[in-house]
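The structure displayed is predicted, hence computed values, not measured ones.
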Number of protein chains: 2
Amino acid sequence: MNPTPDLISKQQNFTDSHFLSTNSCKIKMPSEMKNYQVIAAEKKAQQWDKIPKEWRISPETFQDANNVMEIPLKCGLLDETESKITSDYDATALLEKLKAGVWSVEQVTVAFCKRAAIAHQLTNCLTEIFFDTAIERAKKLDLEYGQKPRGKTLLPLFGLPISLKDSYQVSGYDTSTGLGCYVDEPAEHNSALAAMLLDLGAVLYCKTNLPQSIMTGDSDNNIFGRTLNPRNKLLTAGGSTGGEGALLALRGSILGVGTDIGGSIRVPSVCNAIYGFRPSVGFVPHDGVRDLTTPGTDGIRSSAGPMATSLRDCSLFLKTILQAEPWRHDSTVVSVPWIDLKPTRKLRIGVAQNDGVFTASPPVRRGLKKATDLLRGNDEIEIIPINLPNVQSHYQDIISYFTLLGSDFARTGEPVIPSLQAIGLLSVPGTTLQGFFDLNVRRAEAAKAYHKLFRDNDIDVILMPPAPHTAVPLDCWTKAAYTSLWNYLDYPAIVIPVDQVQDIDSADDLSNAKFGPDDEGLYSLYTGPEQYKDAPVCITVIGYRHRDEALLKAASVLDSVINQV
Amino acid sequence: MNPTPDLISKQQNFTDSHFLSTNSCKIKMPSEMKNYQVIAAEKKAQQWDKIPKEWRISPETFQDANNVMEIPLKCGLLDETESKITSDYDATALLEKLKAGVWSVEQVTVAFCKRAAIAHQLTNCLTEIFFDTAIERAKKLDLEYGQKPRGKTLLPLFGLPISLKDSYQVSGYDTSTGLGCYVDEPAEHNSALAAMLLDLGAVLYCKTNLPQSIMTGDSDNNIFGRTLNPRNKLLTAGGSTGGEGALLALRGSILGVGTDIGGSIRVPSVCNAIYGFRPSVGFVPHDGVRDLTTPGTDGIRSSAGPMATSLRDCSLFLKTILQAEPWRHDSTVVSVPWIDLKPTRKLRIGVAQNDGVFTASPPVRRGLKKATDLLRGNDEIEIIPINLPNVQSHYQDIISYFTLLGSDFARTGEPVIPSLQAIGLLSVPGTTLQGFFDLNVRRAEAAKAYHKLFRDNDIDVILMPPAPHTAVPLDCWTKAAYTSLWNYLDYPAIVIPVDQVQDIDSADDLSNAKFGPDDEGLYSLYTGPEQYKDAPVCITVIGYRHRDEALLKAASVLDSVINQV
């Protein structure tokens, strides 16, 4: 049993070699290509040039700190207004200020560019930097719509800065996904979502780091290097949307967009105390994302979704996208309207302590207990204990689906990153057409079983830990436990931060891991609060397939009770 | 090029043998099974017993007539009220009468059972007959809700008789699909849709005939035999939902439910002048339908949808199903709410004369011209001529997808029906896993191309002939031309009757078929108005994927202009 947020080509047994071959690079022949280290050095130098000299901070001020969360406000680069703009609001509130003309779009854009530049210097979270283009666009928006009071009817996301995972194509900039062979190939078109966000008035200003293969829990690659967790450099920032996680944690962004095929939005949200929402597949445009998967493998599909500092920002994102009729922008979307659902009854919450395969670690268990205790006290909420059926066998099939995805890596003789090596799935055998159909049959049976779980218990959502553990030490997030189940079922899921590791969260006896050796192995990762200092503790709320709006409404009620927001 | 509404197992080359093997029969071993002719004779005798003696009509009154449309009212079995109930209303109007208590549910049920019995004697359209159960349920509904005025809040489909294609499981009755090895195995559960319709207050009273394999354009099998076209016995009643087609044409039903994977709702609608609607896949519950396809082949999927005598009845059906939240009843549904869309602009209609592969026959061309001429005169409608891109290659891929579906036939040494033999796809080679992924890639490209067609022309719907021809002579509907394209793209499509073959519809020169030998072959089927006497002429309106409600709203405007309804 070894689910993973990531996947590896089954055709190639990487364990035989620490070097990825170049045979999938579609653009350049190996002989034409530079050494990946040369490519990386040049790319990093270009990247560094994109950060204005006056926005650079001295490494001495932070390099010895494990937790750099305070640096952005302490480093002295942000003036009072910039500190306020970037610190005091979520996207919903900031959008109101922008629309009211409290600040110009330029002011807001510059503030976030500056803070993103700081965040990048602290955690290496950015890939493409286009502050100049963003500021130019901001000025144009200011000019076009005036300021205080704004003249014309404003676009829904007027002036809002939004950051994107590197895999989204943004016209004029690389979509290298951290692979040498895609460097220096500026995109000719925007991905459907980037185009939509611009149409809706947003300001795009940077793209963010991700793992080689876009399939591991550590955002690390040979071109940009590793993104660090700003709360604790010894723990992973998560992946595959880890650059967003670190950037949002440091408020270099307040609204970012990732993708999630096994947990890639939710894992970095857990690691960075972010609200991260994986919608049902096809709700948010995904066309034009370079996800490195083999085209046509319509088994488990990647979903695009927001990461934010509040739950209502996740709703803002989905609502704005759905109201703009994404089917007009992308032939792959599922066209489900936003209907302003109103609550009609007491919320019924199914609570699962774990997945029946992996035991949650002590701080994670405490986080869930804290949340459920708070919810139990609320008259509008009913708690129903549930057990998730058959997860072990679903994890097996998830791995089989994932092995189908990954034969389209592009390579330049780059070494395999440690987290990709650590996944240990490098030689999982493939399957046949009949094997694929059999996977689909079992998946349909699982859909039926979980439908029955929802209906028999008459629950609105499931509440459980988002993963068996918090952020773990570097290159140790090797299983997509808990998260990947919801990709398999295509159920929408949202991560909600509730706490962080405390001194009381002692490691306890391995005998608490009751599901066998794999469980014990994962459980033993937690060694106590010292190593896990400041690691966020989160919960996840899972809705029924396609009932994303209902999930967001329910999660918002839970969040308001748990976090008193 | 040879698309077809039906499919054949690729594993078996039926051309080598006229007899289906028994190797897929899951329930009984060949040695335990009776000869299919014995099974058929017993089943037909049981079926005949289900028709009360006093509802039987003398074969002499109709057996020499090619057109039996007048017989139900002329045969003397229906009293004045029964004639009125079954003749004068569509489902929407009848439902109003039922809710107002104008007639009891029992009166309405008996009237339709009686007329269905007549229709069956005329066309052999029924499989399972459960008039007794239906009348019992009707009495209970009358008792529970009182009459004139009805006491309690009434269910949405209160007392409405609805007929179902044989492949829907109805508890207590066979789902034989016309195959001997499934006879005498009463279903233990209702299919999700049957359960939902009962929950919504409908009265189920019969199931209807379909072809062996459920994949041809002639509803003919070795157990129940062939369903005849009540307008012209020499022409096909269509398939695979042909029993519904004939039953509805004779008003033995006013609302039936079929399934459509290549045209199986639309083909019999064309043959019988019925409004037939194929929704986007997953909008209407499909769970528990015995469709004889190999489980897990998630390429082109079957869609459940209504057949009716008015367009608003198709809307009534979809609206009622969607408002009842089908996700609660079936784990395979796409949960899209009905939102009471209001028109916001002039309708833009893309009109295609044909698919660029097959030329429409003279009466079909005349029907489309009649419709577009009427629409052109309307201020609220704009006509935009369009051409469908690349259909020839899509048909090739449709065949490849279909060959994946059909290895689960259950058999009892029964001969292959002529229409299954005639399809000529009996030895199409299968594919590999990579071949399947390649199909998916090309299908995604097609989705992009047709999305572009919709967006570049800014059209709301496409209007075109539903097929290159009207109902054709028996066993000649061998291609799923036009219809299957919309299954491939998963676009919702509705058939609207507009006329019938007239004396002016002479056969014209083969040189009018400009797309090559296949086109000429199909075009030559039309020999003039004599052979095609009384064949209905229809159009089809196609909407964008998942925009089923928008399609129904647009089609309703077109129908009101064309048919002055």
Undergrad: If you take all heavy atoms of A/W327 and B/H451, which pair is closest and at what distance?
TA: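 So the two residues come closest at O-NE2, 2.6 Å.
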Undergrad: Assess whether atom CG of B/N387 is packed by more than 12 heavy atoms of other residues, nucleotides or ligands within 6.0 Å.
TA: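 Counting other residues, nucleotides and ligands, CG of B/N387 stays at 12 neighbours or fewer.
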Undergrad: Got a second to check how far A/T432's OG1 is from B/Q434's CD, nearest 0.5 Å?
TA: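 A/T432 OG1 to B/Q434 CD: 13.5 Å, rounded to 0.5 Å.
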Undergrad: Could you tell me the separation between the OG atom of A/S331 and the CZ atom of B/R455, rounded to the nearest 0.5 Å?
TA: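 Those atoms lie 12.0 Å apart.
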Undergrad: Side chain, backbone, both or neither: which part of B/R545 has a non-hydrogen atom closer than 4.5 Å to chain A?
TA: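 The answer is both parts of B/R545.
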Undergrad: Measure across B/I339 and A/P337 and return the closest heavy-atom pair with its distance rounded to 0.1 Å.
TA: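 So the two residues come closest at CG2-CG, 3.9 Å.
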Undergrad: If you draw a 6.0 Å radius around NZ in B/K452, do more than 12 non-hydrogen atoms from other residues or ligands fall strictly inside?
TA: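 Not buried by this count: 12 neighbours or fewer within 6.0 Å.
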Undergrad: Counting heavy-atom pairs closer than 4.5 Å to chain B, which one of A/A444, A/G296, A/S280 comes out on top?
TA: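 Greatest number of close heavy-atom pairs with chain B: A/G296.
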Undergrad: Between B/R328 and chain A, which part of the residue has a heavy atom less than 4.5 Å away: side chain, backbone, both or neither?
TA: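 Both backbone and side chain.
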Undergrad: How close do B/L433 and A/T431 get, counting heavy atoms only, and between which atoms?
TA: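 Minimum heavy-atom separation between B/L433 and A/T431: CD2-O, 3.4 Å.
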Undergrad: Find the one option among A/F437, A/F454, A/Y450, A/F436 whose heavy-atom pairs under 4.5 Å with chain B are most numerous.
TA: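 Heavy-atom pair counts peak at A/F437.
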Undergrad: Checking B/D287 against A/K448 for the side chain to side chain contact (heavy atoms under 4.5 Å, CB included) test, could you report, in this order, the C-alpha distance in whole Å, the side-chain angles of both residues, the deciding distance, and whether it holds?
TA: CA-CA 10 Å; B/D287 199 33; A/K448 222 166 187 165; 3.1 Å; yes
Undergrad: Tell me, for B/V333 versus chain A, whether the close heavy atoms (under 4.5 Å) come from the side chain, the backbone, both or neither.
TA: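 Contact with chain A is through the backbone of B/V333 alone.
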Undergrad: Of the backbone (N, CA, C, O) and the side chain (C-beta and beyond), which part of B/E445 lies under 4.5 Å from a heavy atom of chain A, both, or neither?
TA: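 Contact with chain A involves no heavy atom of B/E445 at all.
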Undergrad: With a 4.5 angstrom heavy-atom cut-off, could you sort out which part of A/D438 is near chain B: side chain, backbone, both or neither?
TA: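 Answer is neither: A/D438 stays 4.5 Å or more from chain B.
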